[in-house]
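Everything on this sheet refers to the single structure shown next.
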Amino acid sequence: MSKKPVDQESQSDPDDLRTFEALSADRRKKRTVLEDHGINPYPSRYDRTATTGELHGRFEGLEADVFTGENARIAGRLISIRGHGKLVFLTLQDHAGTIQLLVQESKRSANAAIVLDLLDLGDWIGAEGEVITSRRGELSLDVVELTLLSKSLRPLPDKWHGLVETDTRYRQREVDLLANPESRRVFDIRFKAIAALRALMNQQNFIEVETPILQPQAGGALARPFFTHGNALDIELSLRIAPELYLKRLVVGGYERVFEIARNFRNEGIDTRHSPEFTSLEAYSAFGDFNDGMDLVEGMVLAAAEASIDSLEITVGQDRPINLAGPWPRRKLLDWIEELVGQRLHPSDPVENTRKVCDQFDVPYLPEWGSGKLIFELYDTILLSTITDPVFVCGFPVEVSPLARQSNDDPTMTDRFELCIDAKEFANGYSELNIPEEQQERFNTEAESAKRGDAEAHPVDAAYIRALEYGLPPTSGIGLGIDRLIMLLAGVDAIRDVILFPMMRPEAPH
RNA sequence: GCGCCUCUAGCUCAACGGCAGAGCAACGGACUCUUAAUCCGCAGGUUUCGGGUUCGAAUCCCGAGGGGCGCACCA
């Protein structure tokens with residue numbers, strides 16, 4: 001053995017390496033030193049007297065270099081340190097925002113000096129002192145006492161760039177939230193919008209209910225479900241794809257106005273606008289029809305916008321301005337299609353004719369689809385993409401609406417609408433089909449397509465038919481896609497940016 | 001499912017066939033008004049993983065894994 005390896009060995013002393021392990025070890029070591037000073041790095045509680053938001057609210061507009069004479073105790077995460085020898089500036093972040101701590105050697109306690117010396121970015125701390133403004137005029141706490149509330153053992157992301165990698169942002173949302181203000185902004189919009197929707201529904205006398213997520217048979221929408229197994233009953237269960245059928249059974253039971261903010265699960269593709277797990281708000285209201293549904297949806301979206309962003313002007317992505325100002329136009333689907341393709345189409349048309357139009361516009365189709373489904377495909381591919389500002393598209397073929405009531409003047413069409421904004425569907429609603437025999441027939445038709453291999457056909461639901469036989473009043477039903485609404489309000493393009501913990505492949509073991 | 005792109009220090013990014021670098025964070029030091037503080041110093045790497053080509057690979061090729069974006073299905 002030569003001398004060289006010995007030198008290398010001493011240089012690779014773990015204490016000297018600045019690898020992640022060493023960064024973390026530094027912090028553990030500081031924690032130990034704190035304990036040596038008799039300081040508990042994980043105290044059980046802290047009495048704060050104010051939040052950053054309260055302080056900024058109360059003392060906004062003070063001149064520079066003001067001593068208010070008022071003491072405060074605040075708590076939060078340490079996100080920045082700017083040292084000047086005997087004077088140190090800290091930035092503390094709590095749920096409401098940030099505030100500057102000014103720690104002067106001449107003012108701080110002996111304990112505060114020890115804690116200050118052993119702090120790391122990311123630590124949770126409590127600070128007590130006088131509310132002042134700095135010479136530059138920034139509201140600050142002139143710190144007398146510093147308390148460590150919880151030691152952070154991992155280094156924070158770059159304070160300027162934050163956490164950028166989408167993979168890590170989604171997998172470790174807690175880090176994304178603590179490091180990226182933009183991410184917090186998006187979720188604040190989400191929580192405010194949902195709270196506003198709840199408040200609106202309560203105010204309109206809707207009862208909030210909960211219906212099964214584990215169901216013997218998933219219905220209420222056309223989608224592929226997830227399956228699981230229930231051990232106790234030894235049965236196969238589906239995760240719900242929509243709460244619709246159970247909610248209408250509650251209307252049968254006498255709850256005239258019900259709604260549910262429902263997590264739905266669909267075993268389908270993941271992309272920027274689809275998540276296997278997503279949230280919808282469905283509401284059912286006895287004695288109304290689909291026109292009432294449109295009124296309700298418009299009110300919901302406007303209330304959510306007002307509460308969360310206080311604006312009806314939105315820019316989505318880089319450059320897609322949307323104006324939410326109502327009232328929103330209500331346009332008949334068949335009229336609009338006629339404008340786009342240059343001829344009047346109808347579900348009762350011979351299917352060859354409708355196929356010809358689809359060919360003309362490069363809209364692909366399957367041989368078993370009738371004219372109604374083909375018209376819907378034309379809507380989905382060539383009409384939807386032209387929409388920017390909100391519009392209700394009204395009147396959909398029976399063939400693609402197995403749970404909607406037939407129009408009074410046209411048995412091949414239903415009283416159904418979709419709300420479209422920015423080339424996406426946001427809400428769906430209709431006058432509910434409440435004639436048991438007719439519903440049974442619709443189910444039978446769906447069962448036939450299932451037999452032909454359509455994995456998304458609506459299953460026959462005997463319990464639902466039985467419920468209808470007890471009598472469902474005329475009912476207006478709507479479903480609003482919450483995630484897409486939040487995307488719109490926050491102006492983001494990816495559904496995973498509005499879901500706290502989106503579904504990801506499990507992390508690879510190290 | 002198919003195609004394209006991507007993975008480099010804890011974080012954000014360079015280097016694109018020729019010694020693996022910077023900023024932030026860290027560590028040591030100076031500093032009582034900074035706020036992306038500043039200044040001096042020091043350190044930090046299995047370039048996602050496994051093969052291959054080459055005198056030489058972060059770089060080129062093949063494969064695996066993670067992620068992203070399109071297309072298809074769906075809301």
Side-chain angles (χ1 to χ4, degrees), chain A residues 11-27 29-30 64-65 79-91 98-108 120-122 132-140 142 152-172 175 179-180 221-224 241-242 264 266-276 278-280 364 366 377 380-381 384 418-420 424-428 454-456 479-485 487 493-496 502 504-510:
Chain A
Q11 277 176 1
S12 66
D13 179 346
D15 283 352
D16 291 328
L17 294 174
R18 294 277 81 84
T19 60
F20 167 74
E21 285 73 19
L23 292 173
S24 183
D26 279 341
R27 290 166 177 245
K29 199 171 167 185
K30 289 183 191 174
D65 221 2
I79 59 164
S80 167
I81 303 178
R82 299 174 297 283
H84 288 261
K86 291 168 182 162
L87 169 68
V88 179
F89 296 96
L90 308 176
T91 305
T98 63
I99 196 164
Q100 175 167 277
L101 308 180
L102 193 152
V103 189
Q104 308 191 63
E105 193 182 64
S106 53
K107 295 260 181 78
R108 73 194 185 196
D120 284 298
L121 293 182
I132 63 166
T133 52
S134 68
R135 282 180 208 161
R136 283 292 196 79
E138 177 161 351
L139 189 68
S140 309
D142 193 9
S152 168
L153 299 179
R154 287 174 176 268
L156 251 40
D158 187 291
K159 67 181 168 192
W160 187 242
H161 301 96
L163 183 62
V164 169
E165 203 172 280
T166 47
D167 183 19
T168 315
R169 287 185 47 232
Y170 297 151
R171 286 186 200 277
Q172 293 180 243
V175 182
N180 296 335
L222 309 177
R224 305 166 97 101
I241 55 175
N264 299 314
R266 297 190 185 174
N267 209 345
E268 290 164 355
I270 302 176
D271 61 32
T272 47
R273 49 178 76 176
H274 297 90
S275 167
F278 70 101
T279 304
S280 69
L366 297 177
E377 288 300 308
D380 225 25
T381 32
L384 192 57
E418 287 203 344
L419 168 64
C420 302
K424 288 191 279 283
E425 291 151 17
F426 277 73
N428 185 16
D454 183 354
E456 286 165 9
L480 173 65
I482 297 296
D483 308 286
R484 286 189 177 178
L485 176 61
M487 288 167 68
D493 271 321
I495 195 168
R496 294 214 260 198
M504 302 285 282
R505 209 174 287 279
E507 286 183 69
H510 298 293

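Labels below follow one simple rule: chain letters A, B, ... track the order of the sequence lines, proteins then strands, and each chain is numbered from 1.
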query: Rounded to the nearest Å, what distance is computed from the CD1 atom of residue A:Ile132 to the P atom of nucleotide B:rU32?
result: 16 Å
field: Side-chain H-bond candidate by donor/acceptor type, A:Asp493 with A:Thr272, under 3.5 Å
entry: no
query: What integer number of Å spans the C1' atoms of B:rU38 and B:rG51?
result: 50 Å
query: Counting distance only, does the side-chain N/O of A:Asp483 pair as donor-acceptor with the main-chain N or O of A:Thr279 below 3.5 Å?
result: yes
query: For the side chain of A:Arg224 and the backbone of A:Glu268, is there at least one donor-acceptor N/O pair under 3.5 Å apart?
result: no
- request: Specify the separation, in whole Å, of atom CG of A:Leu419 and atom P of B:rA75.
  value: 15 Å
query: Just to confirm, is there a sub-4.0 Å distance from OP1 or OP2 of B:rG66 to any side-chain nitrogen or oxygen of A:Arg505?
result: yes
message: Does A:Glu425 reach a base, just sugar-phosphate, or nothing at all? Heavy atoms under 4.0 Å.
response: sugar-phosphate
- prompt: Going by modelled atom types, is there a donor-acceptor pair between the base of B:rC74 and the side chain of A:His274 at under 3.5 Å?
  reply: yes
message: In whole Å, measure the gap between the P atoms of B:rU35 and B:rC24 for me.
response: 14 Å
field: Donor-acceptor contact present, side-chain A:Arg171 to main-chain A:Arg505, <3.5 Å
entry: yes
statement: Minimal heavy-atom distance between A:Ile99 and A:Leu139, with the atoms involved, is CG1-O, 3.7 Å
message: Just the rounded figure in Å: distance from P of B:rC24 to CZ of A:Phe20.
response: 21 Å
message: When the C1' atoms of B:rU8 and B:rA14 are compared, how many Å lie between them, rounded to an integer?
response: 9 Å
message: How many whole angstroms separate atom CD of A:Glu138 from atom P of B:rU34?
response: 11 Å
Stacking of A:Phe278 on B:rA75 base (centres under 5.5 Å, planes under 30°): yes
query: When rounded to the nearest Å, what value does the distance between C1' atoms of B:rG65 and B:rC27 take?
result: 35 Å
Under 3.5 Å donor-acceptor pair, A:Asp158 side-chain atoms to B:rG23 base atoms: yes
field: B:rU35 phosphate, OP1 or OP2, under 4.0 Å from A:Arg82 side-chain N/O
entry: no
message: What contact category does A:Asp65 fall into here, base, sugar-phosphate, or nothing, at under 4.0 angstrom with non-hydrogen atoms?
response: nothing
Non-neighbouring partners of A:His84 that pass ring pair (Phe, Tyr, Trp, His ring centres under 6.0 Å), sequence neighbours left out: A:Phe89
Comparing A:Ser106 and A:Met504 on RNA chain B - which has the more 5′ nearest nucleotide: A:Ser106
- prompt: What's the closest nucleotide to the A:His84 side chain, out of B:rC73, B:rA25, B:rC33?
  reply: B:rC33
- prompt: Given atom CD1 of A:Ile81 and atom P of B:rC24, what is their separation to the nearest angstrom?
  reply: 15 Å
- request: Have a look at A:Gly479 and say if it touches a base, only the backbone sugar-phosphate, or nothing, with a 4.0 Å heavy-atom cut-off.
  value: nothing
query: Is it true that a side-chain atom of A:Ser106 and a backbone atom of A:Gln104 form a donor plus acceptor pair closer than 3.5 Å?
result: no
message: Quick check, does A:Trp160 stack with B:rA36? I mean ring centres under 5.5 Å and planes off by under 30°.
response: yes
- prompt: Is it the case that A:Arg82 and A:Ser80 place a side-chain donor and acceptor less than 3.5 Å from each other?
  reply: yes
Nearest heavy atoms of A:Gly269 and A:His274, plus distance in Å: O-CB, 3.6 Å
statement: Pairs under 3.5 Å (Watson-Crick or G-U), crossing ones as [ ], inter-strand ones as |: RNA chain B comes out as (((((((..((((....[..))))..((((.......))))......(((((..]....))))))))))))....
task: Determine the interatomic distance between P on B:rA30 and the same-named atom on B:rA15; round to the nearest Å.
output: 38 Å
query: When we call it a touch if two heavy atoms are under 4.0 Å apart, what does A:Ser134 touch: a base, just sugar-phosphate, or nothing?
result: base
message: For a quick check, with a 4.0 angstrom heavy-atom cut-off, what is the B/S/- contact string for nucleotides 1-7 of chain B, read 5' to 3'?
response: -------
- request: Write down the distance separating the P atoms in B:rG3 and B:rG63, rounded off to the nearest Å.
  value: 11 Å
message: Over all strands shown, is A:Thr272 touching base, sugar-phosphate only, or nothing at heavy-atom distances under 4.0 angstrom?
response: sugar-phosphate
- prompt: Taking CD from A:Glu105 and P from B:rC33, how many angstroms apart are they, rounded to a whole number?
  reply: 13 Å
field: Carboxylate-amine/guanidinium proximity below 4.0 Å for A:Lys30 and A:Asp26
entry: no
- request: Using a heavy-atom cut-off of under 4.0 Å over every strand shown, decide if A:Lys30 touches base, sugar-phosphate, or nothing.
  value: sugar-phosphate
query: Using atom C1' of each nucleotide, how far apart are B:rC5 and B:rC11 to the nearest Å?
result: 23 Å
- request: Evaluate the side-chain proximity of A:Asp380 to A:Glu425: yes if any heavy-atom separation is below 4.5 Å, no if none is.
  value: yes
message: Taking the C1' atom in each of B:rG44 and B:rC49, what is the distance between them to the nearest angstrom?
response: 23 Å
